[in-house]
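Every chain is numbered from 1 and lettered A, B, ... according to where its sequence line falls, protein lines coming before strand lines. Please read these numbers as outputs of a predicted model, since none were measured by experiment.
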Amino acid sequence: MTSIRLLALAATAALTMGSAISALQAQELRIGLSAEPSSIDPHYHNLSPNNMLSRQVFETLVGQNEKQALEPSLAESWKTLDDNTWEFKLRRGVKFFDGSDFTADDVLATFKRLPAVPRSPSSFAPFIAGQTIEKVDSHTIRIKTTAPAPLVPTSLSTFGIVSKACAETLSTEDFNALKCQGGTGPFKYSEFRPGDRVVMERNNAYWGKKPDWEKVSFRFLTAAPTRVAAILAGDVDVIEGVPPSDMARLKSNANLSVVEELSNRVIYFHLDHFRETSPFITAKDGSPIKNPLRDLRVRQALSMALNRQAIVDRIMEGQAVPAEQVLPSSFFGTSQTLKPTPFDLAGARKLLADAGFPNGFKMKMHGPNGRYTNDTKILEAAAQMYTRLGIDIEIETIPPANFFTRASQGANGDPEFSFILVGWGAGTGETSGSLQALVGTFDRTRGWGAANRGRYSNKAMDEVLTEALRTVDNTKRAALLARASELSMNDLGIIPSHYQTNVWASRKGIKVTARADEYTLATGITR
Amino acid sequence: MLAFIIRRIGQAMLVIGVMVVIVFFGVNVIGDPVWMLISPEMDQSAVEATKIALGLDKPIWEQFIYFVGNALQGDMGRSFVHGEPAIKLILSRMPATMELALVALFMAILIGMPLGVYAGLKPETRLAKGIMAVSILGFSLPTFWVGLMLIMFFSIMLGWLPATGRGDTVRVLGIETSLLSLNGWTYIALPALNLALLKISLVIRLARAGVREAALMDYVKFARAKGLSQRRIVGVHILKNIMIPIVTVLGLEFGSLVAFSVVTETIFAWPGMGKLLLEAIQRLDRPVIVAYVMVVVVLFVVINLVVDVLYSVLDPRVRLTEAKA
């Protein structure tokens, strides 16, 4: 018995010492990711984990800082020559991993590759649609657009540049097999094991500030409890996507530190604006009624009856902030005057009565399960709040794969539901894209309203937004976007609920720069 | 024997055919993969472009004919999500799952058999009753919960074993395995135990029932009367006779260990094909789901064949009937 105990003790000691030694030498950083990339080809799939990993290896022309403001990266500076022309000065002295120089030719080759990646599930081509690129000299490019396009620098912050050699000869499978030596980033890929991990090594010839880590392994720990267990057990040094339910536990752990940052993701309710009678709304006795959601007073009542603070405190356990528009007011193009609607049940009841529904009505709400943090619980809470308002609520949560198909195109091609819970992350870090997609009038030819699952339409807002999208001057554009936000939010095109915060946990002594875009970048992690 | 195998393969082809039709059209009913693949910020024309790039713009029956045509030439299609051949993705993940299932199976036999035989021989002792009580827990506790408890105890509280992932792998005959290094075993121990728990309980119950029945048989009494040692009676006469039901069940269970290790793989972040399947279902990656189902059907058929062959080894009666037939 004693010998077994001794053995166990020795084993524990050896393991602890082992981890202590590795912590001392800690040239390797181990990160637990919440989602897995579909590929490490930077142009194959416009998907958050793909973009996050690839921007550390294949740098973009324009960077985004932790608050998603634009900053120079491979392009040192940019300016407009006239309304339809942007000029970018490229950084000199930058080398690819294979030792060749980074020049305008590589940018041109990347532009050519974007629309030409076979079987791309979500191409980057839309970002450069309507742009023609030309080379001025080896380190200057010009981008011409058919109409004034203030968002050119933003669109160039979405994809990485690969060397001409890689762009012209390599397929997605070649990239996955680590055949491309044509990146300029602080790290280069050294291993890619789908389902398991991606490993990167430091690029010692990097032009910028060299990162603290010689080696970084990103492990795919997609189940939240697994991620938490992994950091508690010391398998990894940093995890992203800390679930709200474990927040208190991790915060109280003396060996860990937790950082958070307001995200670009808003959770909101989309409602049926376009049908005279809505499929999931009836009178309480089940007889058909006119769609009440078309009446602004009803929408206001629904917004006032939503106790946002309770959702934030109780369900999100503080990992959220009540929302009033499509992006938190610290982002570009938001309104500074909008405030989250305060909870006011009596006022809501009165508005509902004024609108002709003193006894409420019957409504079925739909939402995805497992797509957003605590989505099912939020829907349940909202249902209870609306029951107090006097509406008979039924809820149905549906697996995301099925939910988004039906919410976007039901059986007859129109959105199927009456009242849904959805979320929206603004990858560009400004409001124009969100407004255009969520509350812009649905129009296939213009590409507006692609995610407008309530088919909200507001001509005045459309006009202001159209104006904003061709205004190159930043101050003027910000004001126009704020105006468009106010027009659509005061009219409750959507009912915003809350903004999520992104939370990282790390071992003590390792500092993580929290980011609005949910990215975990090894360059932002220091000792 | 040959006729038997050919008949089996014929049946398998039929099963595969039916499964492929069900899965192909079933996945299509759930939803349109394009909404799971495309970046939500993209506009309508980008959605159309993705549909065209993946061939989802065609009517479903046309997609099916195209798929069958390619499948007959050995091409199972490419994953919508990863863009790589679906079969390649599955086969690359298979060794991890196989080794996990194998270790779990051996754990089930090595732990379950002795305990079960003991409980069968001395059913009235306290230890035997304790074993049976624990085996009920093994049946009824949910795998994900037990998995988390194992991690909590062995990884977080004691810090003995890593909580997640697979250890260093070595390439043997072209197959990556983590079973040839100590480091690999520390990683596989917990997930394999978690996966094996239910099977251990199963083996305990089967072995106990078998032993209790066999112990009363005339041949055992005769052996005892002949003065054979207890060890020989149990080791040869009883064990041999109770093996047939156990081999049958374990054979089938091995298939389910491989095919449905999804929960364990997810909790322990084990890079096997169960995780791949789960993600494929979540993202409606039809080519991967279809290919996976085909692989699993083939696997079950092979296992059943092996079980049948083992029968004839274990039970001379089976050999005799076959020889006559």
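- What you find for B/Val81 and A/His45 is that their closest heavy atoms are O-ND1, 4.1 Å.
- Using a 4.5 Å cut-off between heavy atoms, A/Pro399 makes no contact with chain B at all.
- The residue among A/Ala229, A/Ser39, A/Ala223 with the most heavy atom pairs within less than 4.5 Å of chain B is A/Ala229.
- Interface remark: A/Arg227 contributes no atoms to any contact with chain B (heavy atom separation under 4.5 Å).
- Surrounding OH of B/Tyr66 are at most 12 heavy atoms belonging to other residues, nucleotides or ligands under 6.0 Å away.
- If you measure heavy-atom distances from B/Glu265 to chain A, you find no contacts under 4.5 Å at all.
- Residues B/Phe80 and A/Tyr44 approach most closely at O-OH, 3.5 Å, considering heavy atoms.
- For the options A/Ala230, A/Gly427, A/Pro225, A/Gly234, heavy-atom pairs under 4.5 Å to chain B are most numerous at A/Gly427.
- Contact detail for A/Asn176 and B/Glu84: the closest heavy-atom pair is ND2-OE2, 2.7 Å.
- Between chain B and the residues A/Pro194, A/Gly425, A/Gly433, the most heavy-atom pairs under 4.5 angstrom are made by A/Pro194.
- The contact between A/Arg119 and chain B is made by backbone and side chain atoms together, counting heavy-atom distances below 4.5 Å.
- A/Asp235 places no side-chain N or O within 3.5 Å of a backbone atom of B/Pro162 that could act as its donor or acceptor partner.
- With hydrogens and angles ignored, the 3.5 Å screen pairs no side-chain donor or acceptor of A/Ser38 with any backbone N or O of B/His82.
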Does B/Thr266 form a side chain to side chain contact (heavy atoms under 4.5 Å, CB included) with A/Thr226? I'd like the steps, not just the answer.
CA-CA 8 Å; B/Thr266 308; A/Thr226 307; 5.7 Å; no
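- For B/Arg78, the parts lying near chain A are the backbone and the side chain together; criterion is any non-hydrogen pair under 4.5 Å.
- Using a 4.5 Å heavy-atom cutoff, the side chains of A/Trp424 and B/Glu41 are in contact.
- A/Gly447 and B/Asp43 get closest at one heavy-atom pair: O-CB, 3.3 Å.
- A side-chain donor-acceptor contact under 3.5 Å links A/Asn402 to the backbone of B/Ile30.
- With hydrogens and angles ignored, the 3.5 Å screen pairs no side-chain donor or acceptor of B/Asp32 with any backbone N or O of A/Thr405.
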Side chain to side chain contact (heavy atoms under 4.5 Å, CB included) between A/Gln409 and B/Trp35: does it pass, once the steps are laid out?
CA-CA 10 Å; A/Gln409 311 183 309; B/Trp35 300 108; 3.7 Å; yes
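- Contact detail for A/Ser120 and B/Ala53: the closest heavy-atom pair is O-CB, 4.1 Å.
- Taking B/Leu37, B/Ile156, B/Thr164 one by one and counting their heavy-atom pairs under 4.5 Å with chain A, the maximum is reached by B/Thr164.
- Using a 4.5 Å cut-off between heavy atoms, A/Asp443 touches chain B through its backbone atoms (N, CA, C, O) alone.
- Atom-to-atom distance recorded for A/Asn46:CG and B/Thr50:OG1 is 9.5 Å, nearest 0.5 angstrom.
- There is no contact between A/Phe403 and chain B, counting heavy-atom distances below 4.5 Å.
- Residue A/Glu36 touches chain B through both its backbone and its side chain, counting heavy-atom pairs closer than 4.5 Å.
- Within a 6.0 Å sphere centred on CE of B/Met152, other residues, nucleotides and ligands contribute 12 heavy atoms or fewer.
- Across A/Arg219 and B/Ala269, no two heavy atoms sit closer than the pair NH2-CB, 4.5 Å.
- For B/Ile38, the parts lying near chain A are the backbone and the side chain together; criterion is any non-hydrogen pair under 4.5 Å.
- When each of B/Glu279, B/Arg93, B/Gln44, B/Met273 is scored by its heavy-atom pairs under 4.5 Å with chain A, the top score falls to B/Gln44.
- If you measure heavy-atom distances from B/Ser79 to chain A, the contacts under 4.5 Å come from the backbone alone.
- For the set A/Pro400, A/Ala451, A/Gly32, the count of heavy-atom pairs under 4.5 angstrom toward chain B peaks at A/Pro400.
- Using a 4.5 Å cut-off between heavy atoms, B/Met42 touches chain A through backbone and side chain atoms alike.
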Under the criterion side chain to side chain contact (heavy atoms under 4.5 Å, CB included), I'd like the reasoning laid out for A/Glu173 against B/Lys88: C-alpha separation, chi angles, the key distance, then a yes or no.
CA-CA 12 Å; A/Glu173 277 173 80; B/Lys88 179 183 153 196; 3.6 Å; yes
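- Heavy atoms closer than 4.5 Å to chain B are found nowhere in A/Ala437, neither backbone nor side chain.
- With a threshold of 4.5 angstrom between heavy atoms, A/Arg406 does not approach chain B through any atom at all.
- Using a distance-only test at 3.5 Å, with no hydrogens or angles considered, a donor-acceptor pair links the side chain of A/Ser122 to the main chain of B/Ser39.
- Interface remark: A/Leu232 contributes backbone and side-chain atoms alike to the contact with chain B (heavy atom separation under 4.5 Å).
- The contact between A/Pro37 and chain B is made entirely by backbone atoms, counting heavy-atom distances below 4.5 Å.
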